[in-house]
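Got a structure for you, written out below as structure tokens; questions coming shortly.
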Amino acid sequence: MQKNLVIVESPAKAKTIERFLGKNYKVVASVGHIRDLPKSTLGIDIDKQFEPKYITIRGKGPVIKELKNEAKKSNKIFLATDPDREGEAISWHLAYILGIDENDKVRVEFNEITKDAITTAIKKPRKLNISLVDAQQARRILDRLVGYKISPLLWRKIRKGLSAGRVQSVAVKLICDRENEIQNFIPEEYWSIKANLEKDKEKFEASFYGENSGDKEKKLDLKNKSEVDRILNKIDLENFVVTNVKKGTKRRNPYPPYTTSTMQQDASKKLGFTTKKTMIIAQQLYEGIDIKGEGSVGLITYMRTDSTRVSKEAIQSAALFVKESYGDKYTNGGNDYTNKSKKDSQDAHEGIRPTDILRTPISIKDSLSQDQFKLYKMIWERFLGSQMTPAIYNTISVTINSNDVLFKSNGSKLMFDGFLKIYITSDEEEKDMQIPLLDIGDKLIVNGIKPNQHFTQPPGRYTEASLIKVLEELGIGRPSTFAPTIATILSRDYVNLDKKSFIPTELGILVNELLIEYFKDIVNEEFTAELEEKLDEIAEGDLPWVKVVEDFYKDFAVVLKKAEEEIEEIEIKDEVSDVICEKCGKNMVVKHGRFGKFLACPGYPECKNTKAIVDELDVKCPKCDGNLVKRRSKKGRYFYGCSNYPKCDFVSWDEPVKEKCPQCKGIMVIKRTKKENKIKCINKDCGYTEIGKV
């Protein structure tokens with residue numbers, strides 16, 4: 001017999017783990033799931049307690065053959081898939097394929113891919129957790145029932161290629177609801193009054209608060225100009241007196257380590273990453289990066305988690321690092337973010353943190369890609385900041401009276417930076433707001449009174465970050481579902497992204513209205529959140545999975561039958577373009593296919609002419625007489641090429657502009673960075689640049 005066999009999910013992880021375990025272990029990858037429900041049919045026997053009919057995934061035959069061959073030659077088999085429900089299910093399917101008893105202690109679980117974590121885990125294998133498997137299976141079956149029962153209905157009534165889902169349909173509803181709020185929003189007028197004041201040549205600003213009513217302060221909202229004029233007429237410009245001063249201190253506590261959703265939100269806001277890109281890079285950091293002088297090593301803990309808890313060892317290591325790097329006053333021994341309200345099974349994972357705090361971002365920068373470095377740095381700084389002491393501010397709050405008209409001014413000054421030494425959020429940075437040292441009875445000089453008219457603004461459209469935040473707050477979906485949910489609603493053409501904000505399409509609004517009318521539970525936020533809680537109960541062993549599915553399907557089957565009978569076929573008229581079909585002279589229309597939108601002749605089947613939709617720029621190709629067009633690469637990145645491709649091979653990642661370079665008459669492009677935008681000549685020998693013109 002040969003070495004012990006360890007089965008993981010990804011080849012990258014296999015490479016890292018094999019190096020840690022040494023020559024007595026062979027580590028191979030299943031490359032994700034090996035069995036699943038069939039794509040062509042429902043794959044669930046509803047009459048036999050919703051029994052799933054799993055099949056081998058197409059293309060996995062060679063992988064299974066290799067796994068079986070290696071298993072026969074091995075002394076012992078360890079199943080080391082990801083430490084979540086999905087990973088537990090993959091191990092369960094592997095056990096079935098390899099003939100391993102469910103009660104055998106073969107399951108190995110670790111939260112980070114480091115030598116200590118791997119060698120410790122391999123010594124403590126456990127039995128498969130069937131409750132976790134049941135929870136994953138229940139989710140899969142519920143999603144299949146919704147998807148495979150409603151989607152064909154949408155195909156028949158609206159058009160092919162549409163889909164519905166427990167999480168995706170709620171996400172679309174949230175976006176549609178927000179759009180309705182925006183469209184129906186009626187602005188309301190309100191006013192503010194600012195007083196520019198001075199004491200001993202120190203200037204500051206105070207805001208109108210209200211009036212004195214007897215001995216009490218009465219807050220007043222100014223809703224129109226007549227109210228403002230009354231206040232202005234009442235003010236005595238020669239008599240602005242300080243009537244109250246409150247001084248104190250304020251603590252600003254550090255943020256906890258990242259969860260999946262908070263990492264996705266920050267990566268979107270700080271780095272401009274999509275959720276999909278964030279998870280791909282985080283997976284790479286987790287599975288292992290080849291670090292110079294170390295070899296392949298996992299840099300962060302498991303990246304699919306809703307927990308902020310971290311190990312005692314990690315807390316101690318961070319506290320020591322802070323003490324040695326910044327001094328005693330920046331650490332109190334570390335901070336524990338264990339969520340006491342969660343049950344142990346839900347809080348099993350750690351928050352996302354670096355596997356070794358001593359592995360600073362700058363020390364491994366040369367081993368990382370630019371995007372890997374950015375995300376690792378963000379995770380490292382967040383975790384280190386979470387283990388530092390609070391920031392301390394001195395605060396002052398002042399009330400100023402002028403003929404019983406009250407103004408207030410608040411000031412703060414950072415006295416001790418604490419965790420802000422290492423971690424500052426871009427959108428919440430608190431700046432010093434200083435006002436002079438004031439005492440009760442001080443008389444102030446008035447340099448001006450300025451009333452301002454305002455109108456209330458509608459709520460903003462959801463971005464990826466804000467949509468993930470609200471889904472998490474509502475308890476809809478789990479860490480692993482956010483990225484694929486967003487990818488799905490975009491690919492189905494239910495929503496568009498405009499300047500990073502989601503806008504529902506006509507199709508998305510139509511499908512959402514239909515689902516609200518006939519499948520209100522599917523798009524109901526509370527119902528979906530309750531179902532997620534039941535899945536958690538299954539994972540904890542407190543609820544049988546069949547009962548959860550049965551209870552759901554009982555009502556679902558009734559509304560499904562009603563929808564089949566009542567919904568009339570809905571015709572969505574094709575969008576007519578201004579492109580003329582060169583074969584028959586008709587205006588071509590926009591159609592939807594597997595790979596997105598394209599142009600087709602409305603004269604089909606007599607005329608079968610089709611064209612790709614290209615975004616043509618008003619810029620001539622520098623190599624030939626063609627026009628430049630905007631295209632998309634296989635990886636989804638936009639680039640600019642010649643319309644005469646493949647005859648002409650001109651290509652640019654940067655957007656070309658119509659203006660010619662004044663020095664060499666060559667083509668110029670827009671170079672966009674976070675700090676500035678500039679127009680630059682594409683000719684490296686020229687180097688002409690215009691700053692700030694974009």
Positive for side chain to side chain donor-acceptor pair (under 3.5 Å) with Tyr462, one of Lys469, Lys500, Arg178: Arg178
With no hydrogens and no angle check, just 3.5 Å: does a side-chain donor-acceptor pair link Arg492 and Ser163? yes
Under 4.0 Å between a Lys/Arg side-chain N and an Asp/Glu carboxylate O for Lys173 and Glu525? yes
If we ignore hydrogens and angles and just use 3.5 Å, is the side chain of Ser367 paired with the main-chain N or O of Lys292 as donor and acceptor? yes
Asn512 vs Tyr494, side-chain contact (heavy atoms from CB on, under 4.5 Å): CA-CA, chis, key distance, verdict: CA-CA 9 Å; Asn512 179 58; Tyr494 292 157; over 6 Å; no
Would you mind reporting whether Leu599 and Val590 have side-chain heavy atoms less than 4.5 Å apart? yes
Look at the side chain of Thr355 and the backbone N and O of Gly298, then say whether any donor-acceptor pair between them is shorter than 3.5 Å. yes
For atom CD of Glu188, decide whether the heavy atoms of other residues, nucleotides or ligands shown that lie under 6.0 angstrom number more than 12. no
Do Arg353 and Glu112 pass the salt bridge (charged side-chain N to carboxylate O under 4.0 Å, His left out) test, and can you show the C-alpha distance, the side-chain angles, and the key distance before you say yes or no? CA-CA 9 Å; Arg353 61 167 175 84; Glu112 60 185 70; 2.6 Å; yes
Between Ile509 and Pro504, what is the shortest heavy-atom contact and its length? CG1-CB, 3.9 Å
Backbone N/O of Asp306 and side chain of Ser261: donor-acceptor pair under 3.5 Å: no
Hey, could you give me the CG/CD1 distance between Asp371 and Ile281, rounded to the nearest 0.5 Å? 4.5 Å
Could you check if a side-chain atom of Arg252 sits within less than 4.5 angstrom of a side-chain atom of Pro390, using non-hydrogen atoms only? no
I'd like to know if the side chain of Ser10 pairs up with that of Glu287 as donor and acceptor (distance under 3.5 Å, no hydrogens or angles considered). yes
Parallel under 30°, tilted from 30 to 60°, perpendicular over 60°: which one fits the rings of Tyr190 and His454? parallel
Please check if the number of heavy atoms outside Tyr645 that lie under 6.0 Å from its OH is greater than 12. no
So Leu197 and Ile435, side-chain contact (heavy atoms from CB on, under 4.5 Å) or not? Walk me through it. CA-CA 10 Å; Leu197 305 173; Ile435 60 177; over 6 Å; no
Is there side-chain contact between Ile364 and Tyr376, with at least one heavy-atom pair below 4.5 Å? yes
Is the closest side-chain heavy-atom distance between Tyr255 and Thr262 below 4.5 Å? no
Is it the case that more than 12 heavy atoms not belonging to Glu582 sit under 6.0 Å from its CD atom? yes
Gln283 side chain to Met279 backbone, donor-acceptor under 3.5 Å: no
Got a second to check how far Leu375's CG is from Gln284's CD, nearest 0.5 Å? 9.5 Å
Determine yes or no for a side-chain-to-main-chain donor-acceptor pair under 3.5 angstrom, with Ser386 supplying the side chain and Phe383 the backbone. yes
Take a 6.0 Å sphere around NZ of Lys660 and say whether it holds more than 12 heavy atoms from other residues, nucleotides or ligands. yes
Close side-chain approach of Ile300 to Trp380, heavy-atom, < 4.5 Å: no
Between Pro361 and Lys377 the two heavy atoms that sit nearest each other are CG-CA, 3.8 Å
Drop me the distance from Phe419's CZ to Asn335's CG, to the nearest 0.5 angstrom. 10.5 Å
Answer yes if the side chains of Asn683 and Tyr688 hold a donor-acceptor pair under 3.5 Å, and no otherwise. no
Side chain Thr395, main chain Asn410, donor-acceptor under 3.5 Å: no
Interatomic spacing from CD in Glu381 to NZ in Lys421 - rounded to 0.5 Å: 13.5 Å
Would you say the side chain of Lys13 lies within less than 4.5 Å of the side chain of Thr16, judging by non-hydrogen atoms? no
Please name the pair of heavy atoms, one in Tyr258 and one in Lys270, separated by the smallest distance, quoted to 0.1 Å. OH-NZ, 4.4 Å
Within a 6.0 Å radius of atom CG on Leu358, are there more than 12 heavy atoms belonging to other residues, nucleotides or ligands? yes
Ile379 versus Leu299: any side-chain heavy-atom pair under 4.5 Å? no
Under the criterion side-chain contact (heavy atoms from CB on, under 4.5 Å), I'd like the reasoning laid out for Val228 against Phe208: C-alpha separation, chi angles, the key distance, then a yes or no. CA-CA 10 Å; Val228 173; Phe208 169 76; over 6 Å; no
Looking at every non-hydrogen atom in both residues, tell me the closest pair between Pro254 and Gly385 and how far apart they are. CB-O, 3.2 Å
What I want to check is whether the side chains of Thr275 and Gln264 have a donor and an acceptor closer together than 3.5 Å. no
Do side-chain atoms of Glu198 reach the backbone of Asn447 as a donor and acceptor pair under 3.5 angstrom? no
Can you check whether Met303's main-chain N or O pairs, donor with acceptor, with Thr260's side chain at less than 3.5 Å? yes
Determine whether a donor-acceptor pair (N or O, by modelled atom type, separation under 3.5 Å) exists between the side chain of Thr305 and the backbone of Glu350. yes
Considering all heavy atoms, the nearest Ile580-Gly585 contact: CG2-O, 3.5 Å
Atom pair CD1/CZ of Ile503 and Arg461 - distance to nearest 0.5 Å: 4.0 Å
Under 3.5 Å: donor-acceptor pair, side chain of Thr308, backbone of Tyr337: yes
For Pro459 and Ile182, which heavy atoms make the closest approach, and how far apart are they? O-CG1, 3.3 Å
Rounded to the nearest 0.5 angstrom, the OG-CG distance for Ser192 and Leu222 is 8.0 Å
Answer whether the closest heavy-atom distance between the side chains of Arg478 and Arg304 falls below 4.5 Å. no
side-chain contact (heavy atoms from CB on, under 4.5 Å) evaluation trace for Lys276 with Ile486: CA-CA 9 Å; Lys276 183 178 180 181; Ile486 288 171; over 6 Å; no
